[in-house]
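All heavy atoms count here, side chains included; hydrogens, waters and symmetry mates do not. The chain is numbered in sequence order, starting from 1.
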Amino acid sequence: MIDPLRSDLVPLALLGGIGTYAARALPLLAPGVDRLPAPLLTYLRLIGPAVLGSIAAANVFVGDGAVRFGPEAIAVIAGAAIGRWRNSLLVGMAASVAIVLLVRATIAA
């Protein structure tokens, strides 16, 4: 088990914070950023959600060094499909929460 309070991870957290700040502050610090090509602007806009999605996926689908498939994984897959179908992140997230609650209640019963 990895100790979550290890001090050697502090520089990594600081680097992550600097990178996140740079991505968010780019439009404020570089006034001409809106003149960049549309594909590059789309790429920059989607960096944050992609990183958060990969962190969430790693926490849901990988545990103790092995791939796992539990209620959370079912909810993520179903919520992503529903969110894409309805074209709404809010609907997909609400569906994921409802599915986790239902699956956990069913397993516990």
Side-chain angles (χ1 to χ4, degrees):
M1 184 76 178
I2 297 174
D3 181 18
L5 299 176
R6 292 182 6 201
S7 62
D8 60 332
L9 296 178
V10 171
L12 182 63
L14 291 173
L15 284 173
I18 291 169
T20 301
Y21 174 78
R24 302 240 180 235
L26 183 65
L28 297 173
L29 300 175
V33 75
D34 57 336
R35 292 187 301 243
L36 291 173
L40 182 59
L41 288 174
T42 302
Y43 174 79
L44 290 172
R45 186 175 53 86
L46 296 176
I47 287 175
V51 170
L52 289 175
S54 66
I55 292 169
N59 287 323
V60 169
F61 293 108
V62 178
D64 299 328
V67 175
R68 65 178 178 195
F69 196 78
E72 295 84 7
I74 295 167
V76 167
I77 293 169
I82 292 169
R84 182 68 180 149
W85 171 55
R86 300 297 301 166
N87 203 20
S88 171
L89 179 62
L90 179 62
V91 172
M93 289 177 65
S96 293
V97 170
I99 291 168
V100 166
L101 290 173
L102 289 173
V103 170
R104 285 185 181 173
T106 304
I107 290 173

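A single hydrophobic cluster is seen to contain both Phe69 and Ile107, as judged by linkage of ILVMFWY side chains at heavy-atom distances under 4.5 Å, directly or through other members. Note on Val103 and Ile77: same hydrophobic cluster, where clusters join Ile, Leu, Val, Met, Phe, Trp and Tyr whose side-chain heavy atoms are under 4.5 Å apart, directly or indirectly. The cluster map of Ile, Leu, Val, Met, Phe, Trp and Tyr, joined by side-chain heavy atoms under 4.5 Å apart, puts Ile55 and Val67 in different clusters.
Distance CD1/Ile74 to CG/Leu102: 11.5 Å, rounded to 0.5 Å. Leu41 contributes atom CG, which lies 10.5 Å from atom CG of Leu46 (distance to the nearest 0.5 angstrom).
Crowding of Tyr21 atom OH: a count of heavy atoms from other residues, nucleotides or ligands under 6.0 Å not exceeding 12.
For the pair Ala95 and Ile82, the tightest heavy-atom approach, listed with the atom from each and the gap, is CB-CD1, 3.8 Å. Residues Val100 and Pro71 approach most closely at CG2-O, 4.0 Å, considering heavy atoms. Ser96 and Gly79 make their closest contact through OG-CA, 3.2 Å (heavy atoms, listed as atom of the first residue, atom of the second, distance). Here the closest heavy-atom approach between residue Arg68 and residue Val60 is recorded as NE-O, 3.2 Å.
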Begin from the C-alpha positions of Leu36 and Tyr43 and carry the test side chain to side chain contact (heavy atoms under 4.5 Å, CB included) through to its verdict.
CA-CA 11 Å; Leu36 291 173; Tyr43 174 79; over 6 Å; no

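For Val97, the side chain to side chain contact (heavy atoms under 4.5 Å, CB included) test picks out Leu101, with sequence neighbours left out.
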